[in-house]
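Down below is the structure, laid out as structure tokens.
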Amino acid sequence: MIELRTPAEIEAMRPAGRFVAETLATLRDETTVGTNLLAIDRRAHDLIRRAGATSCYIDYHPSFGASPFGKVLCTSVNDAVLHGLPHDYALKDGDLVSLDFAVSIDGWVADSAISFVVGTPRDEDLALIDTTRRALDAAIAAAVVGNRIGDISHAIADVAHGDGYAINTDFGGHGVGRVMHGDPHVPNDGKAGRGYPLREGLVVALEPWFLQTTDELITDPDGWTLRSVDGSRGAHSEHTVAITADGPLVLTDRSFLGVD
Ligand code: MG
């Protein structure tokens, strides 16, 4: 069921959005060559406790998950792109890291993801990250009253295909509200002008993610981490966006923190 939020409810979602933005900016600043993925998770958990926020991940146990997730954020490295379960691994020079983080505050959820390289970047990794960010910008620009879900999907796909990347539509954007994953599903590819009409008060997580040379994923033995079938690297950009009468409002915007 698709739920629409009042302007007052969207205001009430701002603290969660701001906390997710600040946390990802902090984690991005503190993560470097040698940082252990478990330390990133512990730091995020500490920030959650101090803020009185509630993790959306730690007890998360969907039908495809082997067991409750048990950590408070996803750390996907190199050829892992989604749902990376933090494990004992110290980041190496040139690693491409994606952090995906969601909490609720006062009962409202915000969900966002960022990709970056620690140490010396490879040009092809920076290009992939840049494409996912521009695809997210295009998705946000299309998140306006009068458009349809397909316009967002098409905007994402247009950027990806323009840069030569294939798209996997098994995992994409979703409604966000009292729970992390609600309707509607927002595929990362689709036809312009099709699908659910975007209305004032719709709040969605938009999350383009691409792999360098494939659109096929395999699941790690941990039952969670999704990585490319061919070992090529992936990147992921996500924001929680409210569609308002004044245009798209990026609730998890972190640009004011100097981290885009
Ligand atoms: Mg997310």
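Values below: all heavy atoms of this structure, side chains included; hydrogens, waters and symmetry mates excluded. Since the model is a prediction, treat every value here as computed from it, not as a measurement. Order of appearance sets the numbers: ligands from 1, and atoms from 1 within every ligand.
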In Asp111, what N, O or S atom is nearest to the Mg ion (ligand 1), if we give its atom name?
OD1
Whether Glu238 has an N, O or S atom under 2.8 Å from the Mg ion (ligand 1)
yes
Test question: given the 4.5 Å side-chain rule for I, L, V, M, F, W and Y, name all other residues clustered with Leu211, or answer none.
Val81, Leu82, Phe171, Trp209, Leu217, Leu226
Is there a chain of hydrophobic side chains (I, L, V, M, F, W, Y, each step under 4.5 Å between heavy atoms) that links Val159 to Ile167?
no
Looking at Asp100, the N, O or S atom sitting nearest the Mg ion (ligand 1) is OD1
CZ/Arg28 to OG1/Thr23 distance, rounded to the nearest 0.5 angstrom?
15.0 Å
Looking at Arg18, Glu238, His239, Glu22, which hits side-chain hydrogen bond (donor to acceptor under 3.5 Å, both in side chains) with Thr252?
His239
